[in-house]
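To start, the structure itself, in structure tokens.
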Amino acid sequence: MKNKQKRFIFLLLVGFVGLLTALTLSVVIGAADISFQTVIAAIFSYDATENTHQIIRNIRIPRVIGACIVGASLSVSGALMQSVTQNPLADSGLLGLNAGAAFMMTISMSFFPSLPYIGIVSFCFLGAGLSALLIYLISTFNQKNAFPLKLILVGSAVTVFLSSVSQIIALMKNVGQDIAFWYVGGTANITWLQLKWLMPMTGVGLLGAIYLARSVFLLSLGEETAKGLGQNVPLVRMATMIVVILLTGISVAIVGPISFLGLMVPHMMRKLIGADDRLVIPLSALYGGLIVVLADFGGRMLNPPFETPFGAIIAVIGIPFFLYLTRKGGAAK
Amino acid sequence: MGNFTIENVTVSYEKTEIIHQLSFEINKGKITTLIGPNGCGKSTMIKAIARLLPIKAGTIVLDGQKIQQYPTKELAKELAILPQSSTTPEGISVSELVSYGRFPYQKGFGSLTAEDKAKITWAIEETNLTEFAEQEVDKLSGGQKQRAFIAMALAQDTDILILDEPTTYLDMAHQLEILLLLQKLNQEEGRTILMALHDLNHAARFSDTMLAMKSGQLIALGSPQEMMTKEILAQTFEIDAEILLAPNKEYPICLSYELLEKE
Ligand SMILES: Nc1ncnc2c1ncn2[C@@H]1O[C@H](COP(=O)(O)OP(=O)(O)OP(=O)(O)O)[C@@H](O)[C@H]1O
Ligand SMILES: [Mg+2]
């Protein structure tokens, strides 16, 4: 365990330094040419009349925080789902939770256009919860689905179904533009007002995930082993689902449905540190945040002044990785 | 701890009844072994006793209290179970796995206390895994893996140990090693042990009480001398067995056996 702990601490340090560097780069470098001194000044001696200060304070900083939140949330919820379902392919995108959240967001924009931000976010939670419930019902109707791809199949069906319904509603209600704008904007239009809600919620979700890590890993050893060690299995399942819904809802509210991140990051972490969720979950949060901040930064740098959505960048890296994983055996863990 | 009273217990999977109104007692500080043919319900009975499966009817009482009434974590401090098979995730070291044996004792975010660490080290030493402690469980041999899971159950530090075929995958020397370890835990520390075994000679050598099952019912129960008889083995396994008393030892052994002719 000693070697593992050392490696864990090393990876944490590397992650932190990486994240700090990425954050600094993202805040300093951008479409508007702003010097490093101005950035420092904007942070420590903010002057609201200065346009550059405004850009740093109200555009770039909220944006990188948003990217961090999305990366950490999706990665951690992926890690949780993979362990709890004992399915290496579980991810909020593939299991339809993202689509559920996006579906309810469409509903809220179509039918309750004047809802405040927290209202929209609540709809996202509701949608993620709806999908989770659907998946749960369908997959436990048939208890013996040891076949992990089945869960994914159900998730894909739910995704296609809900996104189609979303499209139809968006067209009928003429909100397609708004929603597309919301998603394409990605992290760009995050405001402090939104972050005021999202930051504490993410904090709660991540702390919950770290608290549950031990139990969740135990569950991945098999339900019998977990029960034998005194775990209240239904309670752990339920608590994990709530944390997953919270984290997924937050991410979708910020950037819309992003797939593959939740698959990619935890698997990378497991390769580095083993399957113990006590180590995988904190690292997934850190590196998930780092990857999205980098992807978001890359998206801005790739073809300026246009922005490439970071979801596209992640998918381009994530899909080959996903194919590699399915080939390597979704059949058993 | 460790007096079980099992009364008229019926266990089912969905609609199929597997265990039919079974009653017996397990005595504190003794080694009790379930024997019986494949599919007779040994694992099912063991799971019911360890509360991994709900019982349909009857009662299982541990030291005067129904097992359903124990808080889950409290029961896990009294009773450890080694299931017949377990999942091994990738990239977990032996010591990490064994550390999960301390789960019932952990609170909050659950960092390991000095006592936890001592128990983990002890469990790894007792199962002769010290040199493998930092190796990954999924890369060990079947027998080493089995010992790692036994170590996890030992780390749980319970008065009662329930083991479903603890010697599968083990070579002859390691089978004996594990059984001797269980015997030591029983004799020196008074731990109550319930296990299922297929090797009758091991069962006879190490048990205080043997319990023969067939088709979810009890055939007979008693000391190895009482149980290792032609009649009981014929009835349980449909074999014609040659039984001897081990030279210089007081336990019976099954020397050889033939299948019984079917009428
Ligand atoms: N999860 C399950 N669902 C339905 N039936 C089951 C399940 N597990 C076991 N059974 C059935 O219950 C019966 C008893 O099985 P059990 O595992 O208790 O036998 P066993 O005595 O432990 O056998 P073995 O010596 O092979 O381990 C068998 O007929 C088996 O088919
Ligand atoms: Mg069995």
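Note on naming: letters A, B, ... go to the chains in the order of the sequence lines (proteins, then strands), and numbering restarts at 1 for each one. In what follows, every heavy atom counts, from backbone to side chain, and hydrogens, waters and symmetry copies are set aside.
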Full working for salt bridge (charged side-chain N to carboxylate O under 4.0 Å, His left out) between B/Lys56 and B/Glu17: CA-CA 9 Å; B/Lys56 217 24 177 314; B/Glu17 195 174 299; over 6 Å; no

A/Leu212, part contacting chain B, at a heavy-atom distance under 4.5 Å: neither

Segment of A/Glu223 engaging chain B (4.5 angstrom heavy-atom cut-off): neither

Chain A contact via B/Leu97 - side chain, backbone, both or neither, heavy atoms under 4.5 Å: side chain

Which atoms of B/Lys77 approach chain A - backbone, side chain, both or neither, heavy atom under 4.5 Å: neither

Ring-face cation contact, B/Tyr169 with B/Arg147, 6.0 Å cut, 45° max: no

Partners meeting side chain to side chain contact (heavy atoms under 4.5 Å, CB included) with B/Thr5 (sequence neighbours left out): B/Glu7, B/Glu25, B/Val61

B/Thr127 and B/Leu181, any side-chain heavy atoms less than 4.5 Å apart: yes

Residues forming a salt bridge (charged side-chain N to carboxylate O under 4.0 Å, His left out) with B/Lys30, sequence neighbours excluded: none

Contacting moiety of B/Leu52, where chain A heavy atoms sit under 4.5 Å: both

